[in-house]
Every structure is written in structure tokens, then in C-alpha cells.
Number of protein chains: 2
Amino acid sequence: MKPVPAPPKPPAQDRALESMRSQGLRLTSQRRVVVEMAFGTKEHFTAEALLARSRRRDAKVSRATVYRTLAFLVKAGLIRQIGLGQQSPQYDPNFADAPRHGHFVCVDCQKVVEFYDACLEVRESIVTKDHGFSPKRISLQIEATCDTLREKGACPHRNP
Amino acid sequence: MKPVPAPPKPPAQDRALESMRSQGLRLTSQRRVVVEMAFGTKEHFTAEALLARSRRRDAKVSRATVYRTLAFLVKAGLIRQIGLGQQSPQYDPNFADAPRHGHFVCVDCQKVVEFYDACLEVRESIVTKDHGFSPKRISLQIEATCDTLREKGACPHRNP
DNA sequence: GTACCTGCAAATGTTTTGCAGTACG
DNA sequence: CGTACTGCAAAACATTTGCAGGTAC
């Protein structure tokens with residue numbers, strides 16, 4: 001019997017629009033632009049950066065609309081606000097597809113690297129239950145130094 | 001043989017003052033008040049709350065001094081800024097004595113419960129090394145629902 | 001005595017909000 | 001067509017900073 005491939009998950013972007021529609025929100029052109037720009041990258045971004053990117057597509061997108069749309073996406077669980085010890089909060093669009101990853105923050109070069117570990121997830125779940133809770137959303141951030149930088153003097157995580 | 005009790009670790013408050021002195025900072029009366037108020041509770045607090053509490057001790061402590069002192073304590077690793085998904089950042093004075101604990105945030109009542117798990121710590125360290133990093137500071141926050149609330153209709157974590 | 005510190009107030013930066021006009025459904 | 005949405009600008013906050021005067025050491 002031929003194995004049936006799992007149907008591809010709709011891109012986060014489509015799920016966001018669907019989520020908005022199902023909540024009765026109108027799919028305005030501005031909201032489409034903001035959603036497209038939010039999920040059009042795997043990188044983390046700030047609210048201001050998302051505004052700038054959205055305005056390159058449509059110069060009239062307002063700051064207010066970006067903040068309002070971002071707030072909805074966060075509440076819907078499609079984007080997560082992460083506090084990486086930096087100045088203003090960053091938003092991570094990858095949680096829609098990989099809701100359980102954590103972040104390394106390289107204290108040498110400030111680069112953020114995402115990771116996932118099944119053992120951690122299992123243990124996190126056990127510990128949570130042991131304390132009488134049911135886990136809903138886990139945020140794990142590890143500030144660390146880069147071994148390669150220390151040994152070779154160059155950090156492999158820094159962008160080109 | 002009589003067991004020898006481990007010498008008590010100096011309270012976080014004393015370590016903070018010592019840390020400031022060793023860095024060449026002057027121990028002004030304002031800084032003493034802010035440090036005392038910061039470590040005088042096990043609860044998390046905001047910068048504004050620390051200002052209010054400090055002013056109850058000395059009405060003339062300025063906002064600027066509170067922010068400046070808080071920034072030093074965070075950089076020194078004695079207090080940690082935690083992003084608990086709330087409005088403004090919270091500060092946790094318990095990291096000086098227990099630098100590796102995590103936080104449950106009850107999504108039902110917003111109460112924050114601290115926890116520690118040795119297995120998690122070991123696994124976190126392994127995963128970090130596997131990715132070529134050496135861990136320096138770990139921040140684990142788990143948003144969860146409270147089982148007792150769901151079963152009994154009352155949340156045991158809510159304050160009296 | 002002299003840096004370093006403080007309080008004040010103004011500057012900065014971010015997010016929210018009120019409102020009149022616009023457009024989705 | 002009505003109601004939700006948008007852009008704008010002002011408001012609301014949170015945090016930082018410049019500076020004149022004060023104080024620890």
C-alpha cells in the first residue's frame with residue numbers, strides 16, 4: 001500500500017487570515033499586508049520593523065493598525081512576543097508552525113538561535129503536572145556564550 | 001561527632017551592597033534604601049512598585065535613582081528581569097539565592113509560582129552544549145492552567 | 001576637596017486611544 | 001448600507017538623560 005503523505009499544513013499566513021475571518025474580523029487590505037509581512041520571514045522582528053516592512057508594500061499602513069493586528073496574532077497564539085533582554089520586545093513568527101521551540105541568545109554576538117528538544121518538552125510537561133498545572137505555553141530562553149568564538153576567535157552564529 | 005552546620009550564606013541584600021562597593025560604587029543612603037526594599041520581599045515587583053516602596057522609607061528617593069540602581073542589580077545578576085507577558089517588566093529578587101528556578105504563570109488567576117527541577121537543569125545544560133554553547137543564564141516560564149481550579153472551582157494559588 | 005551621585009524635569013521611545021472619514025461584507 | 005476599520009494625532013506610559021547642586025569617601 002502506498003503511504004499517504006500527510007496533507008501539508010497551511011502556511012501560518014493562511015491560518016492567520018482564517019483565524020481572523022473565523023473571529024468575525026474583516027480582512028482588510030492593510031491587515032493582509034501586515035500578516036503577509038509578519039509571516040514572510042523566519043526572523044524575529046520588532047513592532048516598528050514590521051511597520052516599516054508593511055509600509056514598503058503599502059506606504060499608508062498606519063502604526064495603529066500594525067499594533068492592533070500584532071496584538072491579535074499574539075492573542076491567537078500564532079506569533080509570540082519574546083523578551084530577549086533587548087531594548088524593545090521582539091516578535092517570533094515561527095511559533096505558529098513550531099510552538100515548542102526555545103531560544104539561545106549568544107551573549108557574545110547577540111544572535112538568537114532557535115532549538116527544539118523532545119526530552120526537555122517531556123520533562124517540562126511532567127514538572128508542570130507535578131505542580132498541579134496543565135501546560136499551555138512554554139517559553140525557554142538560554143543566554144549562553146559561544147564555544148567556537150572562545151576557541152577560534154570567530155562566532156559561527158553571526159550573520160554573513 | 002556533632003554535624004557542622006553550613007555557614008549561612010549572606011543575605012542577598014548584603015551581597016548586593018558588597019557587590020556595589022567592590023565595583024567602586026558609593027553606598028549612598030538612597031541606594032541602601034532601594035536595595036533593602038528590593039530584597040525585603042520574595043514577591044516580584046515592577047520598577048514603579050519599587051519606587052513607591054522605597055519612598056515609603058524615604059520620600060525623597062527619586063525615580064531616576066531607582067531605575068539606575070535596578071539596572072545595576074540586574075547587570076550584577078542579583079535580580080532578574082522577567083517577562084511574564086504582563087504590561088510592564090517584573091523584577092524577581094529571588095535569583096540571587098536560587099539562580100536556576102523557573103516560573104509557572106497561572107493563566108486562570110495570573111498568580112506566579114516558582115519551581116525548580118534538577119532534571120530540567122541537567123537537560124538544559126546538555127542541549128545547550130550540544131548546540132555549541134555554554135549556558136550562562138536560563139529563563140523558563142510556563143503558562144499553564146490550574147488543575148484544582150478546573151476540578152474544584154477554586155484556585156489554590158490565589159492569595160487570601 | 002573632588003568625583004561621583006542625586007533629584008528634577010525634559011527628552012525619548014513605545015504603545016494606546018479618540019475620532020472623523022472609509023470600505024468590507 | 002451599516003458597522004467595523006483605518007489613519008492621524010494626541011495621550012498615556014515607561015524609561016533615560018542633562019544638569020545644577022549635594023555628599024560619600
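What you see is a predicted model; the values in this text were computed from it and never measured. Just so it is clear: chains get the letters A, B, ... in the order the sequence lines come, proteins before strands, and each one is counted from 1.
Grouped by direct or indirect side-chain proximity (heavy atoms under 4.5 Å, Ile/Leu/Val/Met/Phe/Trp/Tyr only), Leu17(A) sits with Met20(A), Leu25(A), Leu27(A), Val33(A), Val34(A), Val35(A), Met37(A), Phe39(A), Phe45(A), Leu50(A), Leu51(A), Val61(A), Val66(A), Leu70(A), Phe72(A), Leu73(A), Val74(A), Leu78(A), Ile79(A), Tyr91(A).
Residue Ala64(A) has its side chain nearest to dG7(D) when only dT16(D), dG7(D), dG7(C) are considered. Among dG7(C), dT15(D), dT14(C), the nucleotide with an atom closest to any side-chain atom of Pro89(B) is dT15(D).
With His101(B) as the fixed residue, the side chain to side chain donor-acceptor pair (under 3.5 Å) test singles out one of Asp117(B), Asn94(B), Asp92(B): Asp92(B).
Distance, Arg63(A) CZ to dC5(D) C1': 18 Å, rounded to whole Å. Atom P of nucleotide dC4(C) and atom CZ of Arg31(B) are separated by 11 Å, given to the nearest angstrom. dA3(C) atom P lies 21 Å from atom CD of Gln23(B), rounded to whole Å. Protein atom CE of Met20(B) is 11 Å distant from nucleotide atom P of dC25(D), rounded to whole Å.
Glu18(B) pairs by the side-chain contact (heavy atoms from CB on, under 4.5 Å) definition with Arg21(B), Ser22(B), not counting sequence neighbours.
Under 4.0 Å is where a charged nitrogen must lie from a carboxylate oxygen, and between Arg100(B) and Glu124(B) no such pair does.
Pairing each heavy atom of Ala38(A) with each of Pro93(A), the nearest pair is O-CB, 3.4 Å. Of all non-hydrogen atoms in Cys146(A) and Asp108(A), the two that sit nearest each other are N-OD2, 3.0 Å.
Bending across the helix from dG1(C)-dC25(D) to dG25(C)-dC1(D), expressed as the angle between its end axes from five pairs apiece, amounts to 40° (10° rounding).
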Side-chain donor/acceptor pairs under 3.5 Å, residues 129-139 of chain A, sequence neighbours excluded:
from, atom 1, to, atom 2, distance (Å)
His131(A), ND1, Val127(A), O, 2.9
Ser134(A), OG, Asp147(B), OD1, 2.7
Ser134(A), OG, Arg150(B), NH2, 3.3

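Of the residues in residues 46-60 of chain B, those lying under 4.0 Å from DNA chain C by heavy-atom distance are Lys60(B).
Interatomic distance, Glu121(B) CD to Tyr116(B) OH, rounded to the nearest 0.5 Å: 3.5 Å. Interatomic distance, Arg123(B) CZ to Thr128(B) OG1, rounded to the nearest 0.5 Å: 10.0 Å.
Dashed line: the shortest gap from a side-chain N or O of Thr65(B) to OP1 or OP2 of dG7(C) is under 4.0 Å. Phosphate contact (OP1/OP2 of dT15(D), side-chain N/O of Tyr67(B), threshold under 4.0 Å): present.
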Inset, instruction - Would you mind building the protein contact string for nucleotides 19-25 of chain C? One character per nucleotide, 5' to 3', B for base within reach (heavy atoms under 4.0 Å), S for sugar-phosphate only, - for untouched. - result: ----BBS
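There is a side-chain donor-acceptor pair under 3.5 Å between Ser62(B) and Thr65(B). Gln90(A) and His103(A) share no donor-acceptor pair across their side chains, judged by distance under 3.5 Å alone.
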